[in-house]
Each structure stands twice: as structure tokens, then as C-alpha cells.
Amino acid sequence: MRKVKFLTFKDENPNGIYLVTGEIGVGKSVFCKEMLASALEAGMNCGGVLSPGVFEDNIKIQLMLHDISTGEKHVFADKIIMEEEKCADLRLGQWCMSTEVLDWGNQILRNLNEGLDVVFVDELGPLEFRKGIGLTSGLDVLQEKKFDLIFAVIRPSLLEAAKQRFDVTGLIEINNQEIKIISE
């Protein structure tokens, strides 16, 4: 995958909300992690949450929630292997999610320091857009526009809803071959 350095991105694109999109498994969270590392290297103050996957034999088995400011991480979703497996918390498709960890993620997003240069919200999906649960404070971060630069991971099926709801500056489309930045 082609990498984009933060300073190059910043020089070539205006501040605002950038929706990072692509199909499942193409590297949206990896892009955000690389952009975060590049922004930190450039001396930027960053905050928000990332949700990297945990893989076993090239299969995603867990999703973590990572507080960018503190480095603290917790498992927020376990893959359900057998259909009859029970989920004591919140089930979405093949994932059993921890509402306790989602609450923690919402607290992180609610308490973001207004002095941050770059904020990451990974990811806003069907829970947030269709059910009004999950990392709903991430929706508020995009709505309030208190930060100069926001990268929010959004699935392609939710792009139109996101564009209607938020003042989007651009899209970052990721596939296995390239990263394409499109101004709105």
C-alpha cells in the first residue's frame, strides 16, 4: 500500500473532516495508524481512538479500542466462531462487543482536549448510524467541528449518510493497491 506522510498530506489538503473509507479488510485502520505515527513524528498533538484488529492465522479474531492520548488499549469485540455461541453483551453480526469498552471509548471522545491538532475516530459504522449506539460520541466530534483535522473511518455503505450529516472536506479511499484522496 502506498503510504501518505502527514506533512505531505497537510501541505496538499485543507483542514477539515476526512472520511477514510474502503471495504472490510483493505487497511483503513492501518492507514490511520500510519497517519498517526507520521503526525506524531511531525510534532502534532493527536487524540481520539483507533480500532486495530488482532489476527490469528491471517483471520481477524478481535478488535481493540486504543486511546491515542494515553496508549491504553482494551478488547472491545471478539469474533463469534460458531453461530450458536452466546454473546453476553452486544452482538453485531459475527462480533460480540463489550458495551463497557464502548462506554470507555465514548468517554475518551467526549473528553478530547480542544488543543489537539489531529483527531482520529476509528470507526463509525452501522451501530452509530443505524442504531444510535456504539461510539456515538464520535458522531458528536464530527458534528461539533472543534478540531482542525479529523480522520473518521466510515464504511462505503454509510458514506452518503455521513456526507449528509457532516461538513466533509474530503474522502480518502483505500483499496489494496492505492490510497486516493478526493476533495469534496
Side-chain angles (χ1 to χ4, degrees), residues 1-55 60 62-74 76-77 105-106 108-125 128-129 134-135 137-159 162-163 165-184:
M1 181 185 302
R2 192 183 101 220
K3 292 187 179 187
V4 176
K5 286 291 196 184
F6 179 77
L7 289 178
T8 303
F9 178 90
K10 192 83 171 103
D11 287 344
E12 296 175 357
N13 298 283
N15 283 341
I17 297 171
Y18 288 85
L19 303 180
V20 180
T21 191
E23 297 301 328
I24 293 171
V26 297
K28 298 178 297 290
S29 294
V30 171
F31 167 83
C32 287
K33 184 178 176 185
E34 290 173 353
M35 188 61 76
L36 169 63
S38 183
L40 291 170
E41 186 179 302
M44 307 305 286
N45 294 319
C46 302
V49 293
L50 296 179
S51 58
V54 175
F55 294 83
K60 192 182 294 186
Q62 289 181 320
L63 296 170
M64 303 295 291
L65 198 59
H66 172 198
D67 179 349
I68 291 169
S69 296
T70 67
E72 189 174 348
K73 297 177 186 178
H74 297 280
F76 87 90
N106 278 313
I108 292 164
L109 294 168
R110 276 192 303 275
N111 295 327
L112 288 172
N113 176 344
E114 288 191 32
L116 294 171
D117 300 309
V118 187
V119 171
F120 294 85
V121 181
D122 177 19
E123 127 178 23
L124 298 172
E128 293 79 13
F129 277 91
L135 291 175
S137 292
L139 299 171
D140 297 336
V141 168
L142 274 64
Q143 192 71 45
E144 293 166 359
K145 300 187 288 190
K146 294 191 295 189
F147 304 100
D148 288 342
L149 191 56
I150 300 171
F151 294 99
V153 175
I154 307 279
R155 294 211 186 141
S157 63
L158 297 168
L159 273 180
K163 287 188 213 175
R165 189 168 183 170
F166 308 115
D167 183 17
V168 175
T169 302
L171 298 177
I172 301 171
E173 292 181 349
I174 300 177
N175 66 39
N176 290 325
Q177 310 304 317
E178 67 179 346
I179 297 168
K180 185 163 62 172
I181 302 167
I182 303 165
S183 295
E184 283 293 299

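Just so it is clear, the model here is predicted, and its values are computed rather than measured. One-based numbering along the sequence shown.
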Legend entry - Stepwise side-chain contact (heavy atoms from CB on, under 4.5 Å) check, D140 with R110: CA-CA 8 Å; D140 297 336; R110 276 192 303 275; 5.6 Å; no

Legend entry - Nearest-0.5 Å distance that lies between atom SG in C32 and atom CD1 in I174: 7.0 Å

Inset, instruction - Identify the two heavy atoms, one from F147 and one from N113, that lie closest to each other, and give their separation to 0.1 Å. - result: CE2-O, 3.2 Å

Legend entry - Euclidean distance, L149 CG relative to T169 OG1, rounded to 0.5 Å: 8.5 Å

Legend entry - Contacts of type side-chain hydrogen bond (donor to acceptor under 3.5 Å, both in side chains), residue D117, not counting sequence neighbours: none

Inset, instruction - List the atom of M64, the atom of V54, and the distance in Å for their closest heavy-atom pair. - result: CG-CG2, 3.6 Å

Inset, instruction - Give a yes or no on whether the backbone of V26 and the side-chain of N175 come within a donor-acceptor separation of less than 3.5 Å. - result: no

Inset, instruction - Could you tell me whether a side-chain N or O of E128 sits under 3.5 Å from a main-chain N or O of L135, the two making a donor and an acceptor? - result: yes

Legend entry - Contact check, side chains of D122 and K28, non-hydrogen atoms, under 4.5 Å: no

Legend entry - Side-chain heavy-atom pair I182, E173 within 4.5 angstrom cut-off: yes

Inset, instruction - Provide the closest heavy-atom pair for E23 versus P156 in the form atom of the first, atom of the second, distance. - result: OE2-CG, 3.5 Å

Legend entry - Pairwise distance CD1(I179) to CZ(F31) - rounded to 0.5 angstrom: 5.5 Å

Inset, instruction - Hey, could you give me the CG/CD distance between L158 and E123, rounded to the nearest 0.5 Å? - result: 8.5 Å

Inset, instruction - Check G105 against L65 and note the closest heavy-atom contact, atom names and distance. - result: CA-CD2, 3.6 Å

Inset, instruction - For L112 and V119, work out which heavy atoms get closest and say how close. - result: CD1-CG1, 3.7 Å

Inset, instruction - Taking atom NZ of K5 as the centre, report whether more than 12 heavy atoms of other residues, nucleotides or ligands fall under 6.0 Å from it. - result: no

Inset, instruction - Please check if the side chain of N106 supplies one atom and the backbone of S137 the other of a donor-acceptor pair under 3.5 Å. - result: yes

For residues 35-48, please give each side-chain donor-acceptor pair under 3.5 Å, one per line with the distance, not counting sequence neighbours.
{"from": "S38", "atom 1": "OG", "to": "F6", "atom 2": "N", "distance (Å)": "2.7"}

Legend entry - Minimal non-hydrogen separation, L139 against R165, with atom names: CD1-NH1, 3.7 Å

Inset, instruction - Measure from the side-chain N and O atoms of K60 to the backbone N and O of P52, and report whether any donor-acceptor pair falls under 3.5 Å. - result: no

Inset, instruction - Give me the ring orientation class for F166 and F129: parallel if the planes are under 30° apart, tilted from 30 to 60°, perpendicular past 60°. - result: perpendicular

Inset, instruction - With the side chain counted from C-beta on, respond yes when V49 and L109 share a heavy-atom pair under 4.5 Å apart, and no when they do not. - result: yes

Inset, instruction - Please report the C-alpha distance between L142 and L124 in whole Å, then the side-chain angles of each, then the deciding distance to 0.1 Å, and finally whether the side-chain contact (heavy atoms from CB on, under 4.5 Å) criterion is met. - result: CA-CA 11 Å; L142 274 64; L124 298 172; 4.3 Å; yes

Legend entry - CG-CG distance between L116 and D148, expressed to the nearest 0.5 angstrom: 10.0 Å

List the atom pairs, with distances to 0.1 Å, where a side-chain N or O of residues 9-22 and a protein N or O form a donor-acceptor pair under 3.5 Å, not counting sequence neighbours.
{"from": "K10", "atom 1": "NZ", "to": "N15", "atom 2": "OD1", "distance (Å)": "2.1"}
{"from": "N13", "atom 1": "ND2", "to": "F9", "atom 2": "O", "distance (Å)": "2.9"}
{"from": "Y18", "atom 1": "OH", "to": "P14", "atom 2": "O", "distance (Å)": "2.5"}
{"from": "T21", "atom 1": "OG1", "to": "I154", "atom 2": "O", "distance (Å)": "2.9"}

